[in-house]
Engineer: 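Pasting in a structure now, in structure tokens, and then I'll have a few things to ask.
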Protein chains: 2
Amino acid sequence: MAEKVTSLQVAERAGVSQSAVSRVFTPGASASKKTVEKVRKAAEELGYRPNVLARAMVSGKSRIIGLVVAYLDNYFYPEALEILSNELQEKGYHVLVFMASQTAGNIDTVVEEILDYQVDGIVTASVALSSDISQRCQAAGVPVVHFNRVQEGAGVSYVTSDNFAGGKELAEFLIDGGHQRIAYIAGWEGASTQRDREAGFRKGLQQAGRDLFAREVGNFQTETARDAARRMFDVPVERRPDAVFVANDHMAFAVMDELRFGLGLKVPEDVSVVGFDDAPPASWRAYDLTTMRQRANLMVAETVDALLSHIETPASATPKQSAIHAPLILRGSARVPEGWANDKGTT
Amino acid sequence: MAEKVTSLQVAERAGVSQSAVSRVFTPGASASKKTVEKVRKAAEELGYRPNVLARAMVSGKSRIIGLVVAYLDNYFYPEALEILSNELQEKGYHVLVFMASQTAGNIDTVVEEILDYQVDGIVTASVALSSDISQRCQAAGVPVVHFNRVQEGAGVSYVTSDNFAGGKELAEFLIDGGHQRIAYIAGWEGASTQRDREAGFRKGLQQAGRDLFAREVGNFQTETARDAARRMFDVPVERRPDAVFVANDHMAFAVMDELRFGLGLKVPEDVSVVGFDDAPPASWRAYDLTTMRQRANLMVAETVDALLSHIETPASATPKQSAIHAPLILRGSARVPEGWANDKGTT
DNA sequence: TTGAAAGCGCTAACAG
DNA sequence: CTGTTAGCGCTTTCAA
């Protein structure tokens, strides 16, 4: 069997030095046409391919991006992961996955492990880093960008939707729809997405002289959200909200199920439900959820941008903090007021 | 800023040789209590952690597992990925993701790229390898295990559900339920899962002296499945199936939506629908899909097992080919015949 | 443009 | 048990 073919073997076969071979396979290097030809031929015959790890050792660039993610059952994340991986692959990078589920302190451990791989950059999704560990990355010269989370601190890069504006628009939409008892089911209170969406939502209500009619916490989890819905809606009709903003789609699905099948309510006739993310199932007709679209492709593009500019031009790179506009996607889970239409032609 | 701390620096500070430091951080190595202590202390103070890449170079073990996956929108895969990553992480390995979506020949390219990283093993999901590339892995001494796909060829490892038995049980279940016009919506015909599920299903029908009433191809894709459903069900009532097995849950969701919202049919009153995978949304009440559960945790455990035994004992390791029993999960999308009950207490 | 030589940070014999 | 000595496969000066 073939086993590893080294550049030295290729060199011998091509009748050139080992460094010549290296040059041929190094993007910005110089070699005569003749050499290139000989080397390529020999390499082909031997089935030679450069060892990325060896290259990483000497060049200091591993072309590996570490991804820290806590869960994949919010289907916004698999979607983003797929796009991210594809995009990076195109630029010659690859994604090393680190699940940060389990324990709490666990996540610091995980980042240490990432660093051990000499990754060129880190993107975090659905998790927050301790400032301690953030500094460790900084010290190691490894850029970090937070995906879908605002992270405090100087020099931190992150990419999110404009959650505040999104929450606000949702409030206006619901008010315009003639809803009188508008409620909110919150996500995990430690998350910036939760915080900003709620703040925006409250702001929108307040501007119309309204207040939240009810509020429960769903923690971004299916079961907890279901319980929240029950507490909120299993009450006498006069205390029952006629509209609810659920902080993300993942919870909204569970809430809709509970409303319809647990409590026998009709959506949107009895209650309007709106979510946030536009996770793929939101467009499934069983849910047909009106929601704010987080544009995964745009968000990922910005993330990759920020990452690569830090990696490839560490000097001039400045921390990037973007909040991408999230368009409202009108579907059937909420009454649509006169004069509202989709921002763009969409499902 | 700290920058890289090397074992040499630790050695100097601890007053020992560099190799002593290495030993302290190498699992199966020997060092006196005193040395260990001194080294650990120095390392701690300096914030030293071994460079995995350098270790990989000399040891030949990168502790990286390459994962090739084509898509993540069948939600069985994110679930599996999460489990896989967690399980490997526990054993000191990590997952490097390679999306093999785009082009067709693309997948060979992708595997080449994987090999460049000197991965210790490869798991493929939702893709097939050309025998060419399979051999290249073999030659490179990199074990491959196919997840959720049977792959022909000697010495190939794979882990699947018992798709044939599952298909067969579904046929029996539907027949027992008194269904008269039983149809099938196929997945991508190149997939072993598709092939085996259909074969089993047909076998079950045949044993009862029955035949498929209708068949369409959904290709494992949402839109295609929806079209298939329309072709199959948008017909005069006497030509309309009263039960359909959709080759996987991902398609089944689209089919159910089309039946209910596109054609105004009732599930299961007008049509019973069953799927395969028990992807998480199958238990969402909007679908409440009767399906065969692919036990992701078991499948992953077997995969990891096979992989690690090949990596850690290349000599004694024999190709593992397992077909794990898939239990029938009874829910509300299909009439339940007398005498049928869930294999296990489940949702 | 090319080859020789010096490492990247680490593990693994090999003596002691 | 410990230090010394070779490299792993590659990129990168440095002279030629």
Side-chain angles (χ1 to χ4, degrees), chain A residues 2-40 42-43 46-64 92 115-120 140-142, chain B residues 2-40 42-43 46-64 92 115-120 140-142:
Chain A
E3 278 305 320
K4 318 268 179 239
V5 180
T6 71
S7 58
L8 188 60
Q9 297 171 44
V10 177
E12 279 164 2
R13 180 174 250 260
V16 298
S17 75
Q18 182 270 331
S19 33
V21 177
S22 171
R23 286 193 190 98
V24 171
F25 284 94
T26 302
S30 53
S32 68
K33 230 179 191 160
K34 227 181 195 160
T35 311
V36 172
E37 214 168 71
K38 284 192 294 187
V39 169
R40 285 234 121 79
L46 262 36
Y48 168 79
R49 307 203 101 220
N51 179 330
V52 176
L53 265 35
R55 174 176 288 176
M57 278 234 55
V58 35
S59 72
K61 261 75 208 51
S62 64
R63 305 200 77 88
I64 298 177
L115 261 14
D116 295 348
Y117 280 89
Q118 315 298 117
V119 296
D120 289 346
V142 178
Chain B
E3 278 303 321
K4 317 269 182 239
V5 180
T6 71
S7 58
L8 189 60
Q9 297 171 44
V10 177
E12 278 165 3
R13 180 175 252 260
V16 297
S17 75
Q18 182 271 332
S19 36
V21 176
S22 171
R23 285 193 190 97
V24 172
F25 285 94
T26 303
S30 53
S32 69
K33 231 177 189 161
K34 227 181 193 160
T35 311
V36 173
E37 215 167 72
K38 284 192 294 186
V39 169
R40 284 233 123 77
L46 262 36
Y48 168 79
R49 307 204 101 219
N51 179 330
V52 175
L53 266 35
R55 174 178 289 175
M57 278 236 54
V58 35
S59 71
K61 262 75 208 52
S62 64
R63 305 198 78 87
I64 296 179
L115 260 14
D116 295 348
Y117 279 89
Q118 314 299 115
V119 296
D120 290 345
V142 178

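Chain letters run A, B, ... following the sequence lines, proteins first and then strands; every chain starts at 1.
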Engineer: In whole angstrom, what separates A:Lys4's NZ from D:dC10's P?
Structural biologist: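 Taking NZ of A:Lys4 and P of D:dC10, I get 11 Å after rounding.
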Engineer: Do B:Asp120 and B:Ile64 have side-chain heavy atoms sitting under 4.5 Å apart?
Structural biologist: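 Not in contact.
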Engineer: Rounded to whole angstroms, how far apart are NZ on B:Lys34 and P on D:dC1?
Structural biologist: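 To the nearest whole Å, that distance equals 14 Å.
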Engineer: Is any side-chain nitrogen or oxygen of B:Ser22 closer than 4.0 Å to OP1 or OP2 of C:dT11?
Structural biologist: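 Answer is yes, contact under 4.0 Å.
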Engineer: Across the strands shown, which category fits B:Thr6 at heavy-atom distances under 4.0 angstrom: base, sugar-phosphate, nothing?
Structural biologist: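 Sugar-phosphate: the residue B:Thr6, judged by heavy atoms under 4.0 Å, touches backbone atoms but no base.
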Engineer: How close or far is atom C1' of C:dC10 from atom CD of B:Gln9, stated in whole angstroms?
Structural biologist: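 Answer to the nearest Å: 14 Å.
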Engineer: Find which nucleotide of DNA chain D each of A:Asn51 and B:Thr35 is nearest to by heavy atoms, and output the residue with the more 5' nucleotide.
Structural biologist: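 Mapping each residue to its closest nucleotide by heavy atoms, the 5'-most match is B:Thr35.
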Engineer: In whole Å, what is the span from the OH atom of A:Tyr117 to the C1' atom of C:dC10?
Structural biologist: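 Going from OH in A:Tyr117 over to C1' in C:dC10 covers 15 Å.
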Engineer: Looking only at the side chain of B:Tyr48 (C-beta and beyond, no hydrogens), which of the listed nucleotides D:dG9, C:dT11, C:dC10 gets closest?
Structural biologist: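 Looking only at side-chain atoms, B:Tyr48 lies closest to C:dC10.
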Engineer: Tell me: CD of A:Gln118 to C1' of D:dC10, nearest whole Å?
Structural biologist: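 After rounding, the reported distance stands at 16 Å.
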Engineer: For the side chain of B:Arg23, counting heavy atoms from C-beta on, which of C:dC14, C:dT11, C:dT2 is nearest?
Structural biologist: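 From the listed options, C:dC14 comes nearest.
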Engineer: Specify the separation, in whole Å, of atom CG of A:Leu53 and atom P of D:dT11.
Structural biologist: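 Interatomic distance, CG of A:Leu53 to P of D:dT11: 12 Å.
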Engineer: Compare side-chain N and O positions of B:Ser30 against OP1 and OP2 of D:dC1 and report whether any pair is under 4.0 Å apart.
Structural biologist: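 So the side chain of B:Ser30 is within the cut-off, an N or O lying under 4.0 Å from OP1 or OP2 of D:dC1.
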Engineer: Does C:dT11 have OP1 or OP2 sitting under 4.0 Å from an N or O in the side chain of B:Ser59?
Structural biologist: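 No, outside the criterion.
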Engineer: B:Ser62 and B:Gln118: side-chain donor and acceptor closer than 3.5 Å?
Structural biologist: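 Distance-only check fails for B:Ser62 and B:Gln118.
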Engineer: Expressed as a whole number of angstroms, how long is the span from A:Leu8:CG to C:dA5:P?
Structural biologist: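 Answer to the nearest Å: 14 Å.
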Engineer: Does any part of the side chain of A:Val24, heavy atoms only, come nearer than 4.5 Å to the side chain of A:Arg40, both counted from C-beta?
Structural biologist: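 A side-chain contact under 4.5 Å exists here.
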Engineer: For A:Ser32, which contact category applies under a 4.0 Å heavy-atom criterion: base, sugar-phosphate, or nothing?
Structural biologist: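 A:Ser32: backbone/sugar contact only, no base atoms under 4.0 Å.
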Engineer: Rounded to the Å, how far apart are B:Glu12 CD and D:dG3 P?
Structural biologist: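 Roughly 13 Å, once rounded to whole Å.
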Engineer: Main chain of A:Val52, side chain of B:Asp116: is a donor-acceptor contact present, judged purely on distance under 3.5 Å?
Structural biologist: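 Not confirmed, B:Asp116 side chain does not pair with A:Val52 backbone.
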Engineer: Can you figure out which of C:dC10, C:dG3, D:dC10 approaches the side chain of A:Arg55 most closely?
Structural biologist: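 For A:Arg55, the side-chain atoms sit closest to D:dC10.
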Engineer: Under 4.0 Å between any heavy atoms, over every strand shown, what does A:Ser19 touch: base, sugar-phosphate, or nothing? Just pick one.
Structural biologist: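 If one applies the 4.0 Å heavy-atom cut-off, A:Ser19 turns out to touch a base.
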Engineer: So, the side chain of A:Thr35 versus the backbone of A:Ala31: is there a donor-acceptor pair under 3.5 Å, distance only?
Structural biologist: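 Pair absent, no side-chain N/O of A:Thr35 close to backbone of A:Ala31.
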